[in-house]
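Written below as structure tokens is the structure these notes are about.
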Amino acid sequence: MELTALTIHEMRKHLAAGDVSAAELTDAFLRRIHELDGRINAFIRITENQAREAAERADRRLREGKAAPLTGIPLALKDIFVTEGIETTCASNILKGFVPPYDGTAVARLREQDAVFLGKLNMDEFAMGSSNENSAFGPVKNPWDPNRVAGGSSGGSAAAVAAHMAAGTLGTDTGGSIRQPASHCGVVGLKPTYGRVSRYGVIAYASSLDQVGPLARDVEDCALLLQAIAGFDARDATSVDLPVADYPATLKNGVKSLRIGRPKEYFITGLDADVAAAINAALEVYAGLGAEIVDISLPHTDYAVACYYLIATAEASSNLARFEGVRFGQRVDRGDGLLEMYRNTRAQGFGAEVKRRIMLGTFALSSGYYDAYYLKAQKVRTLIREDFTAAFGQVDVILTPVAPTPAFSLGEKIDNPLQMYLSDIFTIPVNLAGTCALSLPCGFSAGGLPIGMQLIGKPFAEETILRTAYAFEAATATAERPPLPSAEPAVP
Ligand code: GLN
């Protein structure tokens with residue numbers, strides 16, 4: 001049995017039956033990480049000792065018959081999650097050496113179940129990027145083709161799952177950072193509704209947009225992970241006190257009579273032909289399963305990228321003001337006074353893209369420009385949210401591509417920020433509207449790269465998009481199963 005190739009729900013069965021231990025699973029994943037990650041670069045830090053200790057605790061709990069759904073499952077965390085006693089850098093030099101004194105809520109909830117954490121995952125610095133090339137630890141390589149990006153900003157979270165270096169991972173999504181890398185790496189990624197999962201202990205990028213979510217091999221695994229982390233938390237003022245559905249239990253409810261919207265604004269020139277073909281084929285699969293496909297319009301889609309890059313940078317410039325070398329991470333002090341210390345710490349600590357965004361955001365918020373930029377963007381955001389409200393009067397789920405193209409080449413867009421920003425065109429509107437969406441593998445390009453579709457749901461209707469995704473996965477499982485990425489990717 002190839003232990004690292006199992007899904008979480010398969011691992012659970014073996015753990016419950018006692019034919020595999022958490023220690024064996026953990027060993028297998030650690031071995032795999034040591035073999036492969038030199039070429040993928042998904043991990044910033046491997047927490048081998050803590051993982052083995054957690055596995056022992058999990059095995060004890062299993063033996064005592066007290067297992068929770070994720071007891072003994074080897075997971076890994078984007079380095080944006082603060083973890084007690086484990087260095088947390090957000091892939092930035094400015095946070096080097098920062099060892100948080102506590103776990104955030106999502107992490108704590110997984111730890112309570114005695115899940116095993118293998119390490120901290122690579123990402124774009126402070127989650128700013130779409131390619132994982134903005135990391136102080138170097139880019140993540142796509143496990144399907146190491147010359148291509150894994151996507152971003154949760155590139156490590158997606159690549160680790162795709163390359164079987166973790167059974168599941170947590171990422172964050174501000175403008176697409178779970179869904180886009182999931183799509184590029186051929187895994188399932190879910191951005192829950194704003195307020196569904198606590199962000200307590202998650203380093204903030206753009207607070208009105210950030211959300212925590214799972215990445216996993218299949219839909220059922222995604223449902224299991226979401227179940228563990230979803231729900232109200234008094235320590236996050238944006239957390240919403242609504243009941244959490246039983247996601248794994250409702251997966252098989254099917255899509256008969258479900259109305260699926262196809263927004264015309266998402267099928268534009270510039271959409272890669274292979275992506276368009278895969279999305280259209282997926283719509284046909286759903287029609288065959290008894291869903292009704294409805295043409296809809298989200299008329300303000302065109303303004304989403306501009307609106308997002310004003311709001312996200314404005315909020316980021318404010319959030320990142322706290323990193324000045326006094327309380328967190330690395331200080332650059334040449335003894336020439338406090339202001340110079342701030343200046344040198346920030347000049348050396350932040351990477352180029354983060355600095356660009358702090359400048360853009362500070363500009364957008366400065367007096368005299370606030371009304372013209374930030375306030376205007378907020379108004380446009382309302383129009384975009386209303387587009388979705390109107391569309392959800394007609395349909396239950398909206399189906400779109402996740403990204404206009406499959407994974408692009410490393411270096412292809414790094415010198416052209418506008419091109420890079422445009423690659424988020426299909427994921428950003430969902431964050432502006434605050435609703436939930438899932439990225440699901442739905443095919444391959446002619447070049448053999450994974451393609452993902454996006455299923456967008458009504459606010460707090462994670463159950464609906466999960467069961468919609470599950471129906472597709474089940475219907476296509478007997479057709480061509482995505483080949484697993486080679487254990488030996490070509491050396492780049
Ligand atoms: N690519 C987008 C950005 O750079 C989204 C990132 C994210 O979701 N964290 O802002």
Side-chain angles (χ1 to χ4, degrees), residues 3-4 6-8 11-12 15 21-34 36-37 40 42-62 67-91 98-123 137 140 154-161 163-172 178 187 197-203 212-217 221-222 224-229:
L3 294 181
T4 55
L6 299 173
T7 60
I8 295 176
M11 287 176 201
R12 287 185 64 196
L15 287 169
S21 69
E24 284 168 319
L25 280 176
T26 303
D27 256 359
F29 277 100
L30 288 169
R31 220 174 309 121
R32 177 102 177 157
I33 294 166
H34 287 305
L36 267 189
D37 201 45
I40 305 291
F43 281 82
I44 287 178
R45 222 159 292 107
I46 304 164
T47 50
E48 186 152 349
N49 295 338
Q50 289 100 325
R52 288 190 202 284
E53 284 166 25
E56 269 177 41
R57 269 196 307 278
D59 279 328
R60 226 173 299 133
R61 188 164 168 174
L62 282 154
L70 297 172
T71 301
I73 304 296
L75 307 175
L77 303 164
K78 186 177 183 177
D79 205 29
I80 199 167
F81 292 92
V82 304
T83 38
E84 184 179 349
I86 297 165
E87 190 183 5
T88 299
T89 65
C90 236
F98 170 54
V99 180
Y102 70 106
D103 282 333
T105 300
V107 174
R109 287 184 179 175
L110 294 173
R111 217 191 274 284
E112 274 158 28
Q113 297 203 9
D114 282 315
V116 172
F117 297 125
L118 299 164
K120 303 296 290 286
L121 297 161
N122 206 347
M123 56 185 280
F137 296 86
V140 177
S154 313
S157 303
V161 172
H164 301 177
M165 295 191 288
T169 58
L170 291 190
T172 57
I178 289 173
V187 303
V197 179
S198 169
R199 292 111 38 98
Y200 177 70
V202 181
I203 296 170
V212 171
L215 295 95
R217 294 269 304 287
D221 284 3
C222 224
L224 282 164
L225 288 167
L226 180 64
Q227 197 73 52
I229 59 173

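For the single chain, residues carry numbers from 1 onward in sequence order.
Taken from OG1 in Thr4 to CE in Met11, the straight-line distance is 7.5 Å, to the nearest 0.5 Å. The distance from atom CE of Met165 to atom CD1 of Ile33, rounded to the nearest 0.5 Å, is 7.0 Å. For the atom pair Leu121 CG and Leu77 CG, the distance stands at 7.0 Å (nearest 0.5 Å). Distance check, rounded to the nearest 0.5 Å: CG of Asp221 to CG of Leu215 gives 11.5 Å. The CD1 atom of Ile73 lies 9.0 Å from the OG1 atom of Thr7; values are rounded to the nearest 0.5 Å. Considering CD1 of Ile8 and CG of Leu15, their distance stands at 11.0 Å, rounded to 0.5 Å.
Using a 4.5 Å cut-off on side-chain heavy atoms (C-beta onward), Leu118 and Ile46 make no contact. Looking only at side-chain heavy atoms (C-beta outward), Leu226 and Val197 come within less than 4.5 Å of each other.
The shortest non-hydrogen separation linking Leu6 to Arg217 is O-NH1, 3.3 Å. Summarising the geometry of Val161 relative to Ala216, their closest heavy-atom pair is CG1-C, 3.6 Å, with the distance given to 0.1 Å. Minimum interatomic distance between Asn122 and Phe137 (heavy atoms only, all atoms of both residues): ND2-O, 3.9 Å. Of all non-hydrogen atoms in Thr26 and Ala55, the two that sit nearest each other are OG1-CB, 3.4 Å. Taking both residues in full, the closest heavy atoms of Val212 and Ile178 are given as C-CD1, 4.2 Å, listed atom of the first, atom of the second, then distance. In this structure, Phe117 and Ala51 approach most closely via the heavy-atom pair O-CB, 3.4 Å.
Without hydrogens or angle criteria, Asp79 side chain to Lys120 main chain gives no donor-acceptor distance under 3.5 Å. Remark: side-chain polar atoms of Asp37 are paired, donor with acceptor, to backbone N or O of Ala42 under 3.5 angstrom. Using modelled atom types, one side-chain atom of Asp59 and one backbone atom of Ala23 make a donor-acceptor pair closer than 3.5 Å. Remark: side-chain polar atoms of Gln113 are not paired, donor with acceptor, to backbone N or O of Ala68 under 3.5 angstrom. A distance-only check finds a donor-acceptor pair linking the side chain of Arg12 to the backbone of Pro69 [under 3.5 Å]. Within the 3.5 Å criterion, the main-chain N or O of Gln227 finds no donor-acceptor partner in the side chain of Arg109.
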Does Leu170 form a side chain to side chain contact (heavy atoms under 4.5 Å, CB included) with Leu110? I'd like the steps, not just the answer.
CA-CA 10 Å; Leu170 291 190; Leu110 294 173; 3.8 Å; yes
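Annotation: side chain to side chain contact (heavy atoms under 4.5 Å, CB included) contacts of Glu24 (sequence neighbours excluded): Leu3, Val20, Ser21. Under the rule for a side-chain hydrogen bond (donor to acceptor under 3.5 Å, both in side chains), the partners of Asp103 that lie at least two apart in sequence or sit in another chain are Arg111. For Phe98, the ring-ring contact (aromatic ring centres under 6.0 Å, His included) partners two or more places apart in sequence, or in a different chain, are Phe328. Annotation: side chain to side chain contact (heavy atoms under 4.5 Å, CB included) contacts of Gln50 (sequence neighbours excluded): Thr47, Ile86. Partners of Glu87 by salt bridge (Lys or Arg N to Asp or Glu O under 4.0 Å), not counting sequence neighbours, listed by chain and number: Arg45. When the side chain to side chain contact (heavy atoms under 4.5 Å, CB included) test is applied to Arg52, the partners found at least two apart in sequence or on another chain are Asp27, Leu30, Glu48.
Under the 3.5 Å distance criterion, with hydrogens and angles disregarded, no donor-acceptor pair is assigned to the side chains of Asp114 and Thr71. In summary, the side chains of Ser157 and Lys78 do not present any donor paired with an acceptor at a separation below 3.5 Å, with no hydrogens or angles considered.
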